Each structure stands twice: as C-alpha cells, then as structure tokens.
Number of protein chains: 2
Amino acid sequence: MDDAMQGQGETARKVPTHELTYARLRDMVMFGVLAPGQPVTIQGLIRDLDAGMTPVREAIRRLTAEGALSLQDNRRVTVPRMTKELFEQLVHARLAIEPKLAELAAPKVTPALIARLTEIDAGIEPAIRAGDVQAYLRQNHAFHFALYEVAGATVLEDITRSLWLRFGPSLRAVLGRYIDSGLPDRHAEALAAMRAGDAAALAQAIRDDILQGVEQVQEALAAGEA
Amino acid sequence: MDDAMQGQGETARKVPTHELTYARLRDMVMFGVLAPGQPVTIQGLIRDLDAGMTPVREAIRRLTAEGALSLQDNRRVTVPRMTKELFEQLVHARLAIEPKLAELAAPKVTPALIARLTEIDAGIEPAIRAGDVQAYLRQNHAFHFALYEVAGATVLEDITRSLWLRFGPSLRAVLGRYIDSGLPDRHAEALAAMRAGDAAALAQAIRDDILQGVEQVQEALAAGEA
DNA sequence: GACGCAAGAATTTGATCAAATTAAAAGCAG
DNA sequence: CTGCTTTTAATTTGATCAAATTCTTGCGTC
C-alpha cells in the first residue's frame, strides 16, 4: 500500500533509458523539431539526449522501423524528406483510417472523456493566439489520440501513430508560420457529435479536421520551399 | 575497374550483421517458426543466430516496433499471443488495404510480372502436395508482395508487411496440418484478372484469397487450442 | 604563377564486442 | 507460505575496429 510510486526518490529508475531516449527522439520527430533531410548522428544524440550508445542506437532502430527516420545506403540516418507522392499516400491513409477509428470510438465515449477532450481543446486556442505552434501541435495530437484510444483498436491506432510520425518533419514548415484561427473549429464539431452520440458526424468532423490540417501544411510547404 | 565486388572473398561483408540478424529473426516470426507466447531471450538469440549482442538487440527492437514481438512489463520479450479481437482487427485491416494495393498495382502489371507471378504460383501446388507448409507460406508471401510492390505505394506496403508479420505466429498452428488443396485457386483468378487488365476483379481475387487463408488459420486455431 | 584535379591523410561516424551493473526469477531455508 | 540467497538475463557503458567523408597536399596543366 505504501510502496506505490516507489523508486521515484533518486533518479526515477522505473522506465529504462532506452524507452526514455526513444520517447524523446520520437517527440522531436513528431513535433517538427528535426528538419527534413537533416542528418541524425548517433554521436550527436549521445550528446544531445545525454544517453549511452546502446539506448540511442535502439531508439534510432525503432524509429526507422516506424518510418520516422530513414537509413541511407551509406549507413547514415536522416530525417526523411517529404515528397508529393509520400504526402498524398499519408493523407490518403489517414483519411481511410482515422474516421474509422472515430466511428469505433463513438459508442464508447463517456462524459469523462468529453470533459477531458474539452479541456485539451480549450488549451488549443490560447496556444494559437500566443503563437506557440509547438504547444498547438502537442494539444492537437493529444486530442486525437485521447479519442482514438477508447476505440480499443490497437492495430489501427498503431498505424495511425506511425502516420502522424511520418508527417512530423513537415510540420516544421508550419512552426514559424501564422496559424489561421479564423477557420471553423473542427474539434468543436467533433465534441458536439460526441455529445449527440452521432458516430457518423464524429467521423466526418475528423475527416474535415484532417483535410483542414493538411491544407495548412501544404500552404506552408508551398511558401517555404520550391 | 578490377575492384568491383570487392570484399566478397571471405565472409561477404556487404550487408551489416544487424540487418542479417533482423531478416532472420523476422522470417522466424513471419513463417511461424516461433510459437505465440514463446519467450525470446537476447542470450538465446546470440547462441541461435550466432551474432553479437548489439545486432540481436537491434533486431528485437525493430521487430517490437513493427508489432511482431512484444515487451512485457518485466523487460522480457515474447512472441505475442493471438487473441480473437486482435485477429479480427488484423483481418479487417488486411481486407481494407490489400485489395486497394492490388487495385493500384493493376495498371502497372507487365507481362514480365505476370510471368514471374505464374512461376511463383507454380511452386505452390507442389509444396502443398509435398506437405511442405513452410515453403507454401513463403511462396504465398512472395506472390502477394511481388504484386503489391509494383503499386508503388510504399506506405500501404509497409503497413501490410507489418500486418503479415503479426499473423506469423498463428501460422504455426497451420504448420503441422493438412492443407486443403481442393479449394479454388485464388491466385489463378488473380492472374486471370491481371491478364484481362481487370483491376476490380484483381482486387476481388485478393479479397477472396485473404478470406480463404483466414478461414484455414481459424480452423487450425480452433482445432489446436481451446 | 594560378587553377583544377587527384591521391592520401586525418577526422568523423557507424558497427561490433566484451565487461560491469542492475533487476528479475528461481531455488532454498525457516 | 514468507523471506533470503543464488542465479540468470537485461541494461548500460566504454573500448575497439571499420567505413566514409572531409581536408589537405602535391602534381600537372594552362
């Protein structure tokens, strides 16, 4: 009874280092900290993440397996560059899977979940106004996956996670950019659909949200690079 | 001019050990060599695959990232057990993706590909008659992915690979079992659709092939375990 | 004499291994 | 059955080796 949360005393030796290292590197990719084409060196990560060689190595292997990083023929690792074809494939896959996840989640939505999602969504608008795109991306991510989680479809959820990961580097293009907050809030529509218990409407709201986000990224990419 | 293909002399140092190790371990999972629930120890693989610790470690991490292996809370690795829910999810995902891949591949099918697929398919029947289920599984895998490859949809292809991987351990149940060769050959139907250039028919053939395979696995599972 | 190219040295980075540390599991005594 | 000891395996670090890239130097040419 009293030993809950033990081991927190010193250095929090609960989760292994390689898990932590993976989580940190994953977030760097997911939220656009790393630029497309940027070389990712083992030695560099050892310094930056303050970890040993093995944990770093394993984190890189996991991320490459998920498509978040790519190995060049000369055994070096880089952040993958986004191509038009890849972008389309990723969007297509997201549109195929996420509305389905929302639909599966719909009947399992509880008032508690709605409350939590509302809370997350409430943090989004201020982040946009403050120009904190980093925070915006994180909140948006939290919103979507908190919903998908209750669908109980681990397979689709994992796939979706991988897709978001592969979008990450492109989000960097949005980072320094103005975000249009005048657009209709799809999260609000999603929440309304949840309160109404309307699965189809929820799926549609997610679809629209994806399309809206995609559009913003495309604009940013068009403005940023050739 | 003379140094092309160098380094092949001794031990063929072209592909790194961790790639080889990964490929071997992946195939063990993919083709049902490892049983569901079976513990996978690093030390064991070091012995069995005759590799160092680092390559083994990385292979395991990659496979876990792909869902082919799972980490328990007590930092041990096992082959995931198949549950009814997981099985349904995997089938659902395969049915959603693979016919689509076939459809995308259809317009890019060349006579050369048809010839190659025909050759692969020709090896299947003898394998079944000889009771070599291992060979059957490999040929079946080769057939599907040779087709999917030409679709040029890397994202969907990667996802499919992961799905097949997660089915692997269940295939073990089929390994010692009689395979009904009296069933209609869906590969033949697929080939016919390719020759006719009928994308819809090809997609349908793949769908049927999946369902047929699923049925065989389900029967084997029902017979084998509770 | 300046420029460009090429050969080779030095540095950076990745791959692999072996040893030490730490945590979990199994065996054993009470 | 509980608590302690032994043992096994995973984690992590550091060292060593190999490959690749970069930098430098020297030669030849214009």
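Computed from a predicted structure; not experimentally measured.
- A straight line from CE of A:Met53 to P of C:dA20 spans 19 Å, rounded to a whole angstrom.
- When rounded to the nearest whole Å, the span between CD1 of B:Ile46 and P of D:dT11 equals 12 Å.
- In this structure, A:Gln89 contributes its side chain and B:Thr154 its backbone to a donor-acceptor pair below 3.5 Å.
- The phosphate of D:dT12 has OP1 or OP2 within less than 4.0 Å of a side-chain N or O from A:Thr17.
- To the nearest angstrom, P of C:dC17 lies 11 Å from CZ of A:Arg57.
- Contact annotation for A:Val40: backbone-only contact, meaning every heavy-atom pair under 4.0 Å involves sugar-phosphate atoms and none involves a base.
- Residue A:Arg61 places at least one side-chain N or O under 4.0 Å from the OP1 or OP2 atom of C:dA15.
- The CD1-P distance, from A:Ile60 to C:dT16, rounds to 14 Å in whole Å.
- Aromatic ring pairs are classed by plane angle as parallel below 30°, tilted from 30° to 60° and perpendicular above 60°; the pair A:His187 and A:Phe143 is parallel.
- Map A:Thr41 and B:Pro55 each onto its nearest nucleotide of DNA chain C; the residue landing nearer the 5' end is A:Thr41.
- Closest to the side chain of A:Arg47, from the set C:dT16, D:dT12, C:dT13, is C:dT13.
- Here the P atom of nucleotide D:dA9 and the CG atom of B:Asp48 are 12 Å apart, to the nearest Å.
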Tabulate atom names and distances for all N/O pairs under 3.5 angstrom spanning the protein and nucleotides 24-27 of chain C.
| residue | atom | partner | partner atom | Å |
| --- | --- | --- | --- | --- |
| C:dA25 | OP1 | B:Asn74 | ND2 | 2.1 |

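- Remark: side-chain polar atoms of A:Gln72 are not paired, donor with acceptor, to backbone N or O of A:Val77 under 3.5 angstrom.
- In this structure, B:Thr54 does not reach the C:dC17 phosphate: none of its side-chain N or O atoms is under 4.0 Å from OP1 or OP2.
- Regarding B:Ile42, its CD1 atom lies at a distance of 8 Å from the C1' atom of D:dT11, rounded to whole Å.
- A straight line from CG of A:Leu49 to C1' of D:dT12 spans 16 Å, rounded to a whole angstrom.
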Sequence neighbours left out, cut at 3.5 Å: what donor-acceptor pairs do the side chains of residues 21-39 of chain A make with other protein atoms?
| residue | atom | partner | partner atom | Å |
| --- | --- | --- | --- | --- |
| A:Thr21 | OG1 | A:Thr17 | O | 2.8 |
| A:Tyr22 | OH | A:Glu66 | OE1 | 2.9 |
| A:Tyr22 | OH | A:Glu66 | OE2 | 3.1 |
| A:Gln38 | OE1 | A:Ala35 | N | 3.0 |

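- More than 12 heavy atoms of other residues, nucleotides or ligands sit less than 6.0 Å from atom CG of B:Asn74.
- One atom, CD of B:Gln43, and another, C1' of C:dC17, lie 13 Å apart when rounded to the nearest Å.
- Atom CZ of B:Arg138 has more than 12 neighbouring heavy atoms from other residues, nucleotides or ligands inside a 6.0 Å radius.
- Side-chain N/O atoms of B:His18 and B:Arg62 include no donor and acceptor closer than 3.5 Å.
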